Every structure is written in C-alpha cells, then in structure tokens.
Amino acid sequence: SRQGERQRYLFFVEGLNEAVESRQRRLRELRNAIDDGGLTLWFQPQLSSDRRRLSGLEALVRWPHPSDGLLAPDAFIPLAEEHDLIIPLGEWVLKAACRQLHEWQQLGLPVPRLAVNLGARHLLDSRLPGFVADLLRDYELPGHCLEVEVTESTVMEDITRSEEVLSRLVRLGVQVAVDDFGTGHSSLAYLKRLPIQRIKIDRSFIAGLPDDAQDRAICRTIADLSHSLGLQVVAEGVETTAQAAALQQMGCNDLQGFLLARPGPITRITHWLRHEAP
Ligand code: C2E
Ligand code: CA
Ligand code: CA
Ligand code: CA
C-alpha cells in the first residue's frame with residue numbers, strides 16, 4: 001500500500017541518518033585519537049630466510065578504541081584517507097616509529113631496520129622528506145634504519161611527484177620497499193625509474209606454496225626479476241615451514257609472517273627482541 005511504502009521510506013531515511021551520524025562520530029574520534037596519542041604501534045619482525053638474523057621490523061598501526069576494542073587498520077585507514085587525516089596519521093606513525101627505534105637503541109636492543117607504511121598522499125607531499133629529516137636528527141638515527149613501504153598503485157598515481165619525494169628520502173639514506181608486489185595494475189617501468197631497494201611479495205602468492213604451481217612460478221619469477229635488478233626480496237604472510245623452505249630455496253632474502261613472529265605491541269616485541277630474536 002501507499003502507506004506501507006511511505007513507512008518503509010521513512011525507515012530507510014532514518015537508517016541513512018544513523019549511518020551518517022555514526023560515521024561523523026567515528027571521524028571525530030579518529031581525529032582526536034591522532035591528536036591526543038590515542039593510536040598505538042604494533043610491530044612484526046622480518047628475519048633473514050635462514051632465520052639466523054633479525055632483518056627488521058614493520059610498524060603496523062592499531063587504534064585501541066574506548067568502546068569498540070582494538071581496531072585494525074582496515075577499520076580506519078580508509079576513513080583517514082577519505083577525510084584528509086592520512087597525512088597527520090602517517091606523521092604520527094613516523095614519529096612514533098622513530099621514537100621507538102631510539103628507545104630500543106637506548107635499551108641495547110638495536111633494530112637494523114624499521115619499515116613504515118605510507119599512503120599515496122604522502123608521496124605527493126613535498127614536505128615529507130623535511131619532516132623525516134627532522135625526525136632522524138631529533139632521534140639521532142641514521143637514515144638507513146628507516147624504510148618506507150609504498151604500493152604500486154600508490155606510486156603510479158603520480159609517478160613524477162612520487163619519484164621526487166622518494167629520491168629526496170633516499171638521499172637521507174631512507175630505504176624504499178614496494179609492498180603487495182604483483183597486486184596493483186601497473187607496468188614494470190617504475191621499477192627502473194624509482195629508487196627502490198626492496199620488493200615485498202604479496203601474501204596472496206605465498207598462500208599456495210609449496211604445492212600450487214602458479215604461485216610457485218609467480219614467486220620464483222618475482223624473486224629472479226628482483227635479483228636481476230639488484231633488489232632484495234621479502235615474502236610476507238609466511239605461515240608454514242614448507243612455505244618458508246620454498247621461499248628460501250627461491251632466494252628470498254627475508255621472511256615475515258605468523259610462522260616467524262606475530263605482530264605485537266611494544267612490550268611484547270621488546271620481550272621478543274631481548275629473549276627470542278635470533
Ligand atoms: P600490509 O602492509 O600488507 O601488512 C601486513 C598485514 O598482514 C598486517 O595486517 C599483518 O598483521 C598481516 N600479517 C602478517 N603476517 C601474516 C601471516 O602470516 N598471515 C596472515 N594471514 N596475515 C599476516 P594489519 O596489521 O591488519 O594491516 C593491514 C594493512 O593496513 C597493512 O597491510 C597496511 O596496508 C595497512 N597499514 C598498517 N599500518 C599502517 C600505517 O601505519 N599506515 C598506513 N597508511 N597503512 C597501514
Ligand atoms: Ca606493509
Ligand atoms: Ca604487504
Ligand atoms: Ca598484503
């Protein structure tokens with residue numbers, strides 16, 4: 001009936017309003033969390049593929065939300081990207097990462113390399129290299145202990161400007177890794193053009209190892225290509241010893257994944273560095 005339809009429409013509008021309001025609330029909360037130290041960093045180790053050496057750590061942001069529990073990045077990074085919060089969020093992550101590197105250094109637990117994820121906006125931000133230079137100076141860190149992870153899609157958004165920002169970072173000694181390699185839509189031309197040191201094979205290609213012939217071919221090809229170009233290779237999402245063995249045999253330099261160590265908060269990783277790291 002006409003009446004029923006109107007009723008349904010009103011419910012629909014009410015539902016929309018609620019969705020908009022809860023999104024606005026989430027956005028306000030996120031802005032405050034970034035400004036007031038409400039975010040936290042977790043870290044996941046990367047080991048050499050023979051597992052005898054700590055190669056570095058990757059910083060992974062978390063949001064301990066007062067009512068919704070510990071939120072993973074997928075729950076708030078897209079929101080930050082849509083609403084111009086990704087730059088302040090990324091700056092918070094970079095600063096927290098450098099502060100923690102300094103702290104571990106002070107504790108006599110030196111970490112050779114700390115990788116930080118950057119979104120597309122950062123590579124278009126000409127102030128980023130200056131910001132990073134200040135952090136390195138303030139926390140007395142050599143540039144080579146910091147690595148930025150960028151995705152193919154990110155650099156392809158504006159390759160000329162990305163190239164400029166990345167080159168300035170590299171001049172500070174900072175290393176550059178291409179994250180989620182093989183999942184973006186792009187040519188390989190940027191590998192030649194950008195100052196990259198490392199490629200991370202996406203975990204979707206690791207999952208089928210060692211049995212899946214296609215995944216094996218893809219991983220081996222990425223490893224061979226990287227080495228021919230003088231780049232190092234990291235495999236992410238390594239969960240089984242069989243995967244680790246296959247990747248080591250293919251010549252992957254480093255491994256990262258639940259098999260080696262799960263991501264953890266600072267206290268857990270500090271304990272790991274002190275008692276469990278190779
Ligand atoms: P990513 O850069 O590909 O990070 C690796 C993700 O894989 C992490 O999820 C990690 O917890 C998970 N992982 C690690 N080892 C394994 C494994 O063996 N098996 C499986 N199934 N998963 C594994 P997380 O922490 O939820 O991060 C998700 C994504 O959020 C990251 O993907 C990255 O793209 C983004 N992200 C994380 N931290 C930041 C940040 O500080 N800034 C930005 N812009 N993005 C971030
Ligand atoms: Ca990453
Ligand atoms: Ca990745
Ligand atoms: Ca991935």
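Fair warning: this is a prediction, and the values are worked out from it, not measured in the lab. In listed order, ligands and their atoms are each counted from 1.
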Shortest heavy-atom approach to [atom] - which of [options]:
atom	options	answer
atom 29 (C) of ligand 1	Asp180, Asp74, Leu39, Asp179	Asp74
atom 8 (C) of ligand 1	Leu89, Leu60, Val150	Leu60
atom 33 (C) of ligand 1	Asn117, Leu71, Leu94	Asn117
atom 40 (C) of ligand 1	Val61, Leu259, Val238	Val61

Go through ligand 1 atom by atom and flag the ones less than 4.0 Å from a non-hydrogen atom of [X].
X	result
Val93	41 (O)
Glu58	2 (O), 4 (O)
Gln44	14 (C), 15 (N)
Glu239	17 (C), 18 (O), 19 (N), 20 (C), 21 (N)

| request: Give the intermediate values and the outcome of salt bridge (Lys or Arg N to Asp or Glu O under 4.0 Å) for residues Glu276 and Arg268. | output: CA-CA 11 Å; Glu276 292 166 58; Arg268 185 142 39 95; over 6 Å; no
| task | Compare every heavy atom of Gln44 with every heavy atom of Ala261, then report the nearest pair and how far apart it is. | result |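 Closest pair (atom of Ala261, atom of Gln44, distance): O-NE2, 3.0 Å.
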| request: Kindly give the heavy-atom pair with the smallest separation between Leu54 and Leu57, and that separation in Å. | output: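 Shortest heavy-atom contact: CD1-CD2, 4.4 Å.
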| query | With backbone taken as N, CA, C and O and side chain as the heavy atoms from C-beta onward, which portion of Ile77 lies under 4.0 Å from ligand 1: side chain, backbone, both, or neither? | reply |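 Side chain only.
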| query | When clusters are formed by joining ILVMFWY residues with side-chain heavy atoms under 4.5 Å apart, either directly or through shared neighbours, do Leu166 and Met156 land in the same one? | reply |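 Yes, same cluster.
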| When clusters are formed by joining ILVMFWY residues with side-chain heavy atoms under 4.5 Å apart, either directly or through shared neighbours, do Leu229 and Ile199 land in the same one? | yes
| If you link I, L, V, M, F, W and Y whenever their side-chain heavy atoms are under 4.5 Å apart, who else ends up in the same group as Leu70? | Trp42
May I ask you to say whether [X] pairs ionically with [Y], meaning some side-chain N is under 4.0 Å from a carboxylate O?
X	Y	result
Lys95	Asp138	no
Glu58	Lys200	yes
Arg161	Glu164	no

| message | Looking at Phe258, I'd like to know if the NZ or CZ of Arg262 sits under 6.0 Å from its six-membered ring centre while staying within 45 degrees of the ring's axis. | response |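 Verdict for Phe258: a cation-pi partner in Arg262.
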| task | Taking Asp215 for its side chain and Gly208 for its backbone only, find out whether a donor-acceptor pair lies under 3.5 Å. | result |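 Checked: pair present.
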| Below 4.0 Å from any atom of ligand 1, is there a heavy atom belonging to Gly237? | yes
| His122 near ligand 1 by a heavy-atom separation under 4.0 Å |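 No; His122 lies far enough from ligand 1 that no heavy-atom distance drops under 4.0 Å.
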Looking only at distances, can you tell me whether any N or O atom of [X], backbone or side chain, sits closer than 3.5 Å to an N or O atom of ligand 1?
X	value
Gln256	no
Pro263	no
Arg62	yes

| side chain to side chain donor-acceptor pair (under 3.5 Å) partners of Ser55, counting only residues at least two apart |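 Asp254.
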| query | Residues in side chain to side chain donor-acceptor pair (under 3.5 Å) with Arg193, at least two apart? | reply |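 Thr160, Glu163.
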| note | Any protein N, O or S atom under 3.0 Å from the Ca ion (ligand 2)? Found Glu58 OE2, Asn117 OD1, Glu149 OE1, Asp179 OD2
